[in-house]
Amino acid sequence: MDVRVRFAPSPTGHLHIGGARTALFNWLFARNLGGKFVLRIEDTDTTRSTEEYIEAIIDGMKWLNLDWDEGPFRQTDRFNVYRSYVDRLISEGKAYYCYCTPEELEERRKKAQEQGADQKYDGRCRDLKEPPAGRPAAVRFRMPEYGTTVVDDLIRGKVAFENSVLEDMIILRSDGTPTYNFVVVVDDIDMKITHVIRGDDHLNNTPKQIHIYKAFGWEVPQFAHLPMILGADKTRLSKRHGATSVMAYKEMGYLPEALVNYLVRLGWSYGDQEVFSRQELVQHFSFDAVGKSAAVFNPEKLLWLNGQYIIKADPEKLAELVIPFLVKDRTIKEGQDIDMKWLAQAVVTLQERAKTLIELAAGLKYYIAEEIEIDPKAAEKFLKPEHLAYLKDLKELLSETQNFVAAEIEKAFHAVAEKHSTKLGSIAQPARVAMTGNTASPGMFELMEIFGRPKVMKRLSKVLGEN
RNA sequence: GGUCCCAUCGUCUAGUGGCCUAGGACGUGGCCCUCUCAAGGCUAAAACACGGGUUCGACUCCCGUUGGGACCGCCA
């Protein structure tokens, strides 16, 4: 049998970290087994779903490079289908009309809670002989009252539920729209889904859904319930814990490969390996190695991973990716012409120093900008009169070098150090402040080579007050 | 409150009854490298929630306690 899985987000918000991981595990499972990955938009809540969020979710999927084989399907396009399935259940006596209003139900629930009693629907419309006139009706599914339902889960094993705790849930609202627990089953059957891979928070819904499958005589798919992702306080990850939308990480200068790598290790492992290529992920992924316990989202480890991916990334590609951040930084103007070959060279010097594209852009600033600001503290420490004397000599030597390349530049530095009987560091630090305005940067020799002689001369002149 | 799930360093995890003096990674401290900052290398501190069983032997199996989480909607 061909494996078919789906990711079914509801468009009531952006694609968030938890949803992205669910999508990723579905994708990996499908790719590992050569199956199909379906994208389905669960927009039956017409009051909260928006077109913007559908776009946002698709953007997030694309950015993470999680391609789907079918869809996106939308449930709002399928209301007639659901309607006919509801009718079938009613005609077979497996569902019935309920005339209780939401307000009445709410009140009863509240009362039951206060008394510490069972909160489930009392079934008062279950066997109604005469429907009350003039009241809107919802449709409820008739749950079995006795027996046990076992969910056989790929991650958790067998989980048993007493049917007596299940209530007759509403499958069709009084406004004629169907509800989640019903449509999810109808869709999964219509779309021939073989494995339902979703968040742990759905485990309790699963027995209810199994009864719908059975009411129709359908085969129940395999389930895999993924553990939750928690915030630092161990509660479900939410806005309170900082950035949760996937696209926010794009804006913060993260690489999608790094986020994917981080997310997959939240719950899944392969021995001691931490960094995986796409191919390795697809090759090794299996639910056997998915853990059962919830995981705390750790931004620091994600940052480290991102740094690892930046180090390994192709400099030309990084140069492309960093452009929007340079624009945002106002280091360059939108659409400004820039020598990409040269930019890539500059990027190489910064790769192992930048953990995000934002940091990369910040480092690139002094390579590109005409004027730099000099940190007063740095100047105070490294631009004292004796330092300026070194820089004066350095400038002279550098103006005479044949080829303005790192090896030649290094010779000049050593010559100055020797002349003044001092260490290389006492020349390099002042030079660094003159070049970058700061005390930390890539190595001076390669930096100067990439700057080029004119820019180096200009900046030395400036600190020497020679304008 | 009811139902269900979960439980190894601060965090992510390896571990499927003897290989464990519990391994790796992030983070933290130290050292090395070094023109600064990184990167890299070495190193240190840091965990089997607790209590009972089962067993010749439990991190590993069973039960309970405790702790955490999820769900209990005419939301998904």
Side-chain angles (χ1 to χ4, degrees), chain A residues 8-12 42-45 47-49 98 100-102 105-106 109 112-121 136-140 151 153 155-156 159-162 164-167 169-175 177-181 183-184 199-207 225 227-228 230 232 234-236 262 265-275 289 291-305 307-308 311 350-355 363 378 382 410 413 417 423-433 436 438-445:
Chain A
S10 68
T12 54
E42 309 228 318
D43 55 353
T44 54
D45 182 359
T47 57
R48 291 200 303 149
S49 301
C98 173
C100 303
T101 65
L105 292 166
E106 177 60 25
R109 241 191 318 269
Q113 192 170 27
E114 278 164 12
Q115 295 171 184
D118 194 354
Q119 290 180 47
K120 84 176 208 189
Y121 174 65
V139 176
R140 283 186 189 270
V151 178
D153 192 277
I155 295 172
R156 316 212 166 239
V159 183
F161 294 83
E162 288 303 317
S164 58
V165 305
L166 271 23
E167 72 167 11
M169 64 181 171
I170 288 177
I171 57 176
L172 194 75
R173 299 183 186 95
S174 50
D175 67 0
T177 60
T179 61
Y180 167 76
N181 276 306
V183 297
V184 73
D200 213 350
D201 46 340
H202 289 286
L203 187 56
N204 284 303
N205 285 326
T206 309
H225 286 95
M228 299 272 91
L230 274 23
K234 302 228 175 195
T235 64
R236 198 179 167 149
Y262 178 71
R265 282 286 290 102
L266 237 39
W268 178 83
S269 60
Y270 187 72
D272 285 339
Q273 193 170 342
E274 294 287 348
V275 183
K292 296 177 182 180
S293 49
V296 174
F297 184 82
N298 182 349
E300 295 194 316
K301 187 159 181 183
L302 169 59
L303 186 64
W304 168 77
L305 252 179
Q308 294 296 308
I311 287 173
L350 290 161
Q351 269 177 288
E352 60 190 31
R353 284 163 241 264
K355 286 197 158 66
F382 291 114
E410 181 166 5
F413 270 82
K423 290 186 165 186
L424 183 61
S426 48
I427 318 291
Q429 276 307 76
R432 177 165 282 113
V433 175
T436 71
N438 235 307
T439 55
S441 83
M444 269 301 98
F445 318 136

For nucleotides 8-13 of chain B, give me one character per nucleotide, 5' to 3': B if any protein heavy atom sits under 4.0 Å from the base, S if the only such contacts are to the sugar-phosphate, - if neither. ---BBS
Identify all pairs in which a protein N or O lies below 3.5 Å from an N or O of nucleotides 58-66 of chain B, and state each distance.
none

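One can find a donor-acceptor pair under 3.5 Å joining the base of B:C37 and the side-chain atoms of A:Arg353. For A:Ser441 against B:C37, no side-chain N or O and base N or O form a donor-acceptor pair under 3.5 Å. If you check distances only, the side chain of A:Asn205 does reach the base of B:A76 with a donor-acceptor pair under 3.5 Å.
Of all nucleotides present, only B:G2 satisfies the Watson-Crick or G-U wobble test against B:C71, with each distance under 3.5 Å. For B:U54, there is no paired nucleotide, since no Watson-Crick or G-U wobble pair has both relevant distances below 3.5 Å. Pair check for B:C19 finds none; no Watson-Crick or G-U wobble contact set falls under 3.5 Å. Base pairing of B:A25 is made with B:U11, judged by Watson-Crick or G-U wobble geometry with both donor-acceptor distances under 3.5 Å. Across all strands shown, B:C48 forms no Watson-Crick or G-U wobble pair with both distances under 3.5 Å. B:A39 is unpaired under the Watson-Crick or G-U wobble criterion, no partner having all donor-acceptor distances under 3.5 Å. In this structure B:C33 sits in no base pair that meets the Watson-Crick or G-U test at under 3.5 Å.
Side-chain atoms of A:Thr177 and A:Asp175 form a donor-acceptor pair, as typed in the model, at a separation below 3.5 Å. Side-chain contact, A:Asn204 with A:Thr206: no donor N or O sits under 3.5 Å from an acceptor N or O.
Residue A:Leu350 contributes atom CG, which lies 17 Å from atom P of B:U36 at whole-angstrom precision. Here B:A76 presents its P atom at 15 Å from CZ of A:Arg236, a figure rounded to the nearest Å. Here the P atom of nucleotide B:G68 and the CG atom of A:Asp200 are 17 Å apart, to the nearest Å. Atom OH of A:Tyr121 and atom P of B:G73 are 13 Å apart (whole Å). Across the protein-nucleic acid pair, A:Asn438 atom CG and B:C35 atom C1' stand 15 Å apart, rounded to whole Å. For the pair A:Glu352 CD and B:U36 P, the computed distance is 14 Å after rounding to whole Å. Atom NZ of A:Lys292 is separated from atom P of B:A7 by 6 Å (rounded to the nearest Å). With rounding to whole Å, A:Met169 atom CE is found 17 Å from B:C71 atom P.
Within the 4.0 angstrom heavy-atom criterion, base atoms lie near A:Leu105. Contacts of A:Pro9 with the nucleic acid, taken as non-hydrogen atoms under 4.0 Å apart, are absent. Using a 4.0 Å heavy-atom criterion, one finds that A:Arg432 contacts the bases of the nucleic acid, with or without backbone contacts as well. If you check every strand for non-hydrogen atoms under 4.0 Å, A:His202 touches a base. Base engagement by A:Cys100 is indicated by at least one non-hydrogen atom pair under 4.0 Å involving a base atom. Residue contacts for A:Ala417: at a heavy-atom cut-off of 4.0 Å it reaches no nucleic acid atom on any strand shown. Across all strands shown, A:Thr235 has heavy atoms under 4.0 Å from sugar-phosphate atoms exclusively, and none from any base. Residue contacts for A:Ile170: at a heavy-atom cut-off of 4.0 Å it reaches a base atom on one of the strands shown.
The existence of a salt bridge linking A:Arg156 and A:Asp200 is confirmed by a sub-4.0 Å separation between a basic side-chain nitrogen and an acidic carboxylate oxygen. Using a 4.0 Å cut-off between charged nitrogen and carboxylate oxygen, A:Asp201 and A:Arg236 count as a salt-bridge pair.
Of the P atoms belonging to B:G64 and B:G24, the separation is 36 Å, rounded to the nearest Å.
Contact annotation: A:Gln308 side-chain N/O to B:G40 OP1/OP2 distance is under 4.0 Å. Regarding contacts with the backbone of B:A76, a side-chain N or O of A:Thr44 is found under 4.0 angstrom from either OP1 or OP2. A close approach under 4.0 Å does occur between a side-chain nitrogen or oxygen of A:Arg109 and OP1 or OP2 of B:C74.
Here the closest non-hydrogen pair linking A:Val275 and A:Trp304 is CG2-CH2, 4.5 Å.
Annotation: cation-pi pair A:Arg432/A:Phe382 absent, no NZ/CZ under 6.0 Å from the ring centroid and within 45° of its normal.
Here A:Glu42 pairs with A:Arg40 under the salt bridge (charged side-chain N to carboxylate O under 4.0 Å, His left out) rule; sequence neighbours left out.
Residue A:Lys355 has its side chain nearest to B:A38 when only B:A38, B:C74, B:A25 are considered.
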